[in-house]
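In what follows, a single structure is set out as structure tokens and then discussed.
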Amino acid sequence: MMQSGIPPCNTCGEQVGLDANGEVFVACQECNFPVCKTCFDLDIKEGRKACLRCGTPYDDENSLADDETKVSGTRSTMAAHLDNSQEIGIHARHVSNVSAVDSELNDEYGNPIWKNRVESWKDKKDKKSKKKKGAPKEEKVAQIPPEQQMTENHSPNAAEPLSTIIPLPPNKITPYRVVIIMRLIILALFFHYRVTNPVDSAYGLWLTSIICEIWFAFSWVLDQFPKWYPVNRTTFTDRLSARYEREGEPSELAAVDFFVSTVDPLKEPPLITANTVLSILAVDYPVDKVSCYVSDDGAAMLTFESLAETSEFARKWVPFCKNFSIEPRAPEFYFSQKIDYLKDKVQPSFVKERRAMKRDYEEFKVRMNALVAKAQKTPEEGWTMQDGTPWPGNNSRDHPGMIQVFLGHSGAYDIEGNELPRLVYVSREKRPGYPHHKKAGAENALVRVSAVLTNAPYILNLDCDHYVNNSQAIREAMCFLMDPQVGRDLCFVQFPQRFDGIDRSDRYANRNTVFFDVNMKGLDGIQGPVYVGTGCCFNRQALYGYGPPSMPSLPKASSSSCSWCGCCSCCCPSKKPSKDLSEAYRDTKREELDAAIFNLREIDNYDEYERSMLISQTSFEKTFGLSTVFIESTLMENGGVAESSNPSTLIKEAIHVISCGYEEKTAWGKEIGWIYGSITEDILTGFKMHCRGWRSIYCMPLRPAFKGSAPINLSDRLHQVLRWALGSVEIFLSRHCPLWYGFAGGRLKWLQRLAYINTIVYPFTSLPLVAYCTIPAICLLTGKFIIPTLSNLASALFLGLFMSIIVTSVLELRWSGVSIEDIWRNEQFWVIGGVSAHLFAVFQGFLKMLAGIDTNFTVTSKQAEDSDFGELYMIKWTTLLIPPTTLLIVNMVGIVAGFSDALNKGYEAWGPLFGKVFFAFWVILHLYPFLKGLMGRQNRTPTIVVLWSVLLASVFSLIWVKINPFVSKVDSSALAQSCISIDC
């Protein structure tokens, strides 16, 4: 039981405790970072003598281990080595997957063999350190490198945070939460009324509508409550520069490896990929800290040659961008901006330089276009390189691994003689019979190649059509990842997706504004946003399957975070979990692995034989694969490669780690790297990290960090949504389903789990949605209705429900800043996608996962006219268009039939008709963008005019027939008498 007023230790979670004077123990007098006495003494013994948060050296009076250190002297060498290789604040890491450490061999006494070897190497380490015990003290001081001596002189803002959370004002968030609770109460009363008042004359329709409405309410709960704690964040890049980029000293900013993935250059234009690469090479970040890896999963010679051209043009483009602070730094999008490009430019040479650069870029585009035109027809003998040798990737499904370093330390410099960031072309090996796992497999290959060649501690992945729109984007991410307090448990920083080339009205909700500006902000207040596949900066250690450094092996009762929301300790009572045998066994294995990790940090002290034996005996090969170089890189928390490494040897090792059989019998794609098993590998990968206890952060700089392109054509948009929905169905049917996966450790917050459940069950909403959109037409055609005659109470419930829906949306757009048009477009496309792409995804997912049948929906297109947004008006027939088209026709026919029936029955039928017609119009209005897409161009008759013309013409035709103003009235009795007299 924790005493009130005593904070928990940030390392172990226990109470900080009291010092000899009976006061709360304080390790750092500068920032009062909560660390208990036990952890503090352990840090001192292991050579960590500075605060984890602010870096201020500890006071000597707090250290009880100084005397022990002076007497023994056996740990001085170890401390110096640890300080040289890693930053202050090293923590033991835990592998989350038990299977990664379950294969140790045991000796005859049942003890792991490698553990005995570790103990013997510990003794060897102690002997080595004792040899230096008699060295003069002055000599030891002289051996301290300058960078360690400088850590004692901290800048005034060293303790200042690099980012801060801006909570929403109470006058915005409190009414929002109150309305949500009121809506829940109204929903409960509404369902009570609906269930207790069945419609006997239309019992089947009534029961169907009840089931649909219950599912809609369930979906709303899954979507709404993860938005309970929305937050905003702001970064301080100036503090980042002041802390890690001191004048006259080398930059201490962390290195970043960029990943760009592409497959087919004929579908993904090389010019777009080139712009993405150029924007990366020109980012505002130290050039020696940036490396760009381009994955060519199609092994296309066109991609290789286009990268060669791009690297040459980068020698001119990069210095131009940095000299004149160009934004954005993708030339295609910079030169196409319709703005005053002279704004804020004061250099007299800028106009001349810009004209020359634009001319150079146009020449570059011509050369790229020539390469594309050449690649349209493949020679019978295959492609050949400039030296006459055949291109190794002529068979895209059977080729060796290829790596080419275009720029970098040994490559070309820019035209001003400055070093350029490294640019590496990678095409992994593919052979028949070996699974390649599409994009996830390509990303994992890049993880291994980059670890061998550069091993930056952070990875930022982009799609080939997403360029860097904000040159400060990496610094924005580093404000979180390099913050000692925030970055320790951070697995990734996700940026929102922004798009170019979308029509002004955003007809098909391509911008996904509601998701990126509302849902993701809500998740940021819990455990962090989900990973969306691009524009994400990863902590490399999180990709390796390790848990967060400060996370204990199992949750403790003293933990201050709530398992429900992660925000407070008062909203949920904490219970001390009972540790069963499996959990105790898992903890034992993790402790053994931590001991191995500790010794692998000292791996430079051993020869090659000892090194390989240690790595193999600790079962790292069964987790990471048969590469000693790569395994060593995984244990370097701060990244980097040895200066003595031979570049040619590293290239050979990089080729080895992208071989087609490297991942066999390893944890790749199962527990480490991008996770396999779904075409939406992004959701699955982020979900695994959050289950391990990591958290993520949502970064929304004022200038969008990245921008990409989105399909604005109706059919292409539906197929994109189909792919996402199919991936969600695959996850639902896999072992990683959030409904049952990840409960053991209790590290995934409950609201975060609700959000993940929502991401995998939303395609199933298509089934009740299709049924619900069909009910209005059936009611109009049959004359029945799903709701009985309304009483005053029922009318009040319906009115209250509609008002709560409206008020919730209004308050949501008030705190999020999105427009009412964005919310309405999102609502419309939710229906359009639900009755088309999501419906097909459910059936295709079940056929694929249960029966092994992979169904593809092909798209055939007709050529569009060349104009702005010409693709928007393209007519592409696809099977996905059938269900929404059918619903539109059925509801319009139902409206006509309903008016016809009301005219025949008289005035008493008009009252019930309005409810049915309103229901049908609700369906038609939501499907209106779809109908508009079918109608074609804007300069033709507007779709709404056609729609209203058809409906009004049908209604007035029925009225005309009923009135018959110009036809003489005939006595019906006389007519009947005449008919009777006819002898047939």
Side-chain angles (χ1 to χ4, degrees), residues 163-168 222-235 458-463 466 470 473 476-481 483 486-487 489-499 511-539 542-543 548 561 565-567 674-675 680-701 704-706 708 724 727-728 731 738 742 747-760 762 812 815-818 826:
S163 64
T164 185
I165 297 177
I166 304 177
L168 296 181
L222 292 180
D223 179 70
Q224 188 66 65
F225 278 90
K227 296 182 284 189
W228 190 262
Y229 297 98
V231 296
N232 293 313
R233 297 180 186 270
T234 184
T235 57
Y458 303 110
I459 295 171
L460 199 154
N461 83 298
L462 292 172
D463 290 341
H466 277 68
N470 183 350
E476 297 278 351
M478 291 301 113
C479 285
F480 299 107
L481 293 167
D483 192 312
V486 178
D489 296 340
L490 202 56
C491 56
F492 61 82
V493 175
Q494 178 65 60
F495 292 89
Q497 291 186 20
R498 302 296 188 225
F499 302 98
R511 293 189 177 93
N512 280 333
T513 307
V514 173
F515 174 75
F516 287 112
D517 289 9
V518 180
N519 296 67
M520 295 287 267
K521 283 184 179 180
L523 291 176
D524 198 15
I526 309 171
Q527 200 171 341
V530 298
Y531 169 44
V532 296
T534 183
C536 185
C537 191
F538 285 97
N539 181 342
L543 286 170
S561 66
C565 63
C567 298
W674 270 257
I675 306 301
T680 53
E681 71 289 330
D682 46 4
I683 297 293
L684 201 52
T685 302
F687 174 63
K688 293 277 286 188
M689 292 181 182
H690 283 137
C691 286
R692 295 187 186 109
W694 293 94
R695 68 156 292 124
S696 56
I697 278 181
Y698 197 48
C699 183
M700 296 182 64
F706 310 100
W724 295 343
S728 296
I731 297 175
R747 297 177 176 181
L748 187 68
K749 308 302 179 186
W750 278 100
L751 289 180
Q752 191 81 13
R753 184 177 296 277
L754 283 183
Y756 275 111
I757 292 175
N758 187 42
T759 62
I760 58 104
Y762 77 89
E812 201 166 83
W815 65 255
S816 64
V818 302
N826 181 77

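The closest donor-acceptor contact from the side chain of Asn461 to the backbone of Gly533 lies under 3.5 Å. Judged by distance alone, with hydrogens and angles left aside, the side-chain atoms of Gln752 form no donor-acceptor pair with the main-chain N or O of Ile526 at under 3.5 Å. Proximity of a side-chain donor or acceptor of Ser696 to a complementary backbone N or O of Phe492 within less than 3.5 Å is not detected. No donor-acceptor pair closer than 3.5 Å links the side chain of Ser163 to the backbone N or O of Thr234. In terms of modelled atom types and a separation under 3.5 Å, the side chain of Arg692 and the main chain of Pro548 share no donor-acceptor contact. In terms of modelled atom types and a separation under 3.5 Å, the side chain of Arg233 and the main chain of Ile165 share no donor-acceptor contact. Within the 3.5 Å criterion, the main-chain N or O of His690 finds a donor-acceptor partner in the side chain of Gln527.
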Candidate pair Lys749 and Arg695, rule side-chain contact (heavy atoms from CB on, under 4.5 Å), full reasoning: CA-CA 10 Å; Lys749 308 302 179 186; Arg695 68 156 292 124; over 6 Å; no
Steps toward side-chain contact (heavy atoms from CB on, under 4.5 Å) verdict (Val514, Asn519): CA-CA 7 Å; Val514 173; Asn519 296 67; 3.9 Å; yes
Worked check of salt bridge (Lys or Arg N to Asp or Glu O under 4.0 Å) between Lys227 and Asp524: CA-CA 9 Å; Lys227 296 182 284 189; Asp524 198 15; over 6 Å; no
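The pair Arg498-Asp517 meets the salt-bridge criterion, since a charged nitrogen lies less than 4.0 angstrom from a carboxylate oxygen.
Inspection of the Glu476 and Thr235 side chains reveals an N or O donor paired with an N or O acceptor under 3.5 Å.
Exactly one of Thr534, Asn512, Asp463 qualifies for a side chain to side chain contact (heavy atoms under 4.5 Å, CB included) with Gln497. That residue is Thr534. Remark: of the listed residues Tyr531, Trp694, Tyr458, Tyr531 is the sole one forming a ring pair (Phe, Tyr, Trp, His ring centres under 6.0 Å) with Phe538.
The two residues Ile731 and Pro738 have their closest heavy-atom pair at CG2-CD, 4.3 Å. Contact between Gln494 and Pro529 at its shortest, heavy atoms only, is CB-CG, 4.0 Å. The shortest non-hydrogen separation linking Leu222 to Pro226 is O-CD, 3.1 Å. Here the closest heavy-atom approach between residue Ile675 and residue Glu681 is recorded as O-CB, 3.6 Å. Closest approach of Cys699 to Val493, counting heavy atoms only: CB-CG1, 3.6 Å. For the pair Met689 and Cys491, the tightest heavy-atom approach, listed with the atom from each and the gap, is SD-CB, 3.8 Å.
Looking only at side-chain heavy atoms (C-beta outward), Phe515 and Val532 come within less than 4.5 Å of each other. The shortest side-chain heavy-atom distance between Leu523 and Val530 falls under the 4.5 Å cut-off. Contact annotation: the side chain of Phe706 approaches that of Leu460 to within less than 4.5 Å [non-hydrogen atoms, C-beta and beyond]. Side-chain contact check for Asn826 versus Thr513: every heavy-atom pair is 4.5 Å or farther apart. Side-chain contact between Val518 and Trp815 is present, with at least one heavy-atom pair separated by less than 4.5 Å.
Here CG of Leu754 is found 11.0 Å from OG1 of Thr759. Values are rounded to the nearest 0.5 Å. From Asp483, atom CG reaches atom CD1 of Ile697 across 8.5 Å, with rounding to the nearest 0.5 Å. Atom CD1 in Ile459 sits 9.0 Å away from atom SG in Cys537 (nearest 0.5 Å). We find the CG-CZ distance between Asn539 and Phe480 to be 15.0 Å, quoted to the nearest 0.5 Å. Between the CG atom of Asn758 and the CZ atom of Arg753 there is a distance of 14.0 Å, given to the nearest 0.5 Å. Atoms CG and SG, from Leu748 and Cys691 in turn, are 4.5 Å apart once rounded to the nearest 0.5 Å.
Annotation: Tyr698 is not in aromatic contact with Phe495 [ring centroid separation under 6.0 Å not met]. Between Tyr762 and Trp724, the distance from one ring center to the other does not fall under 6.0 angstrom.
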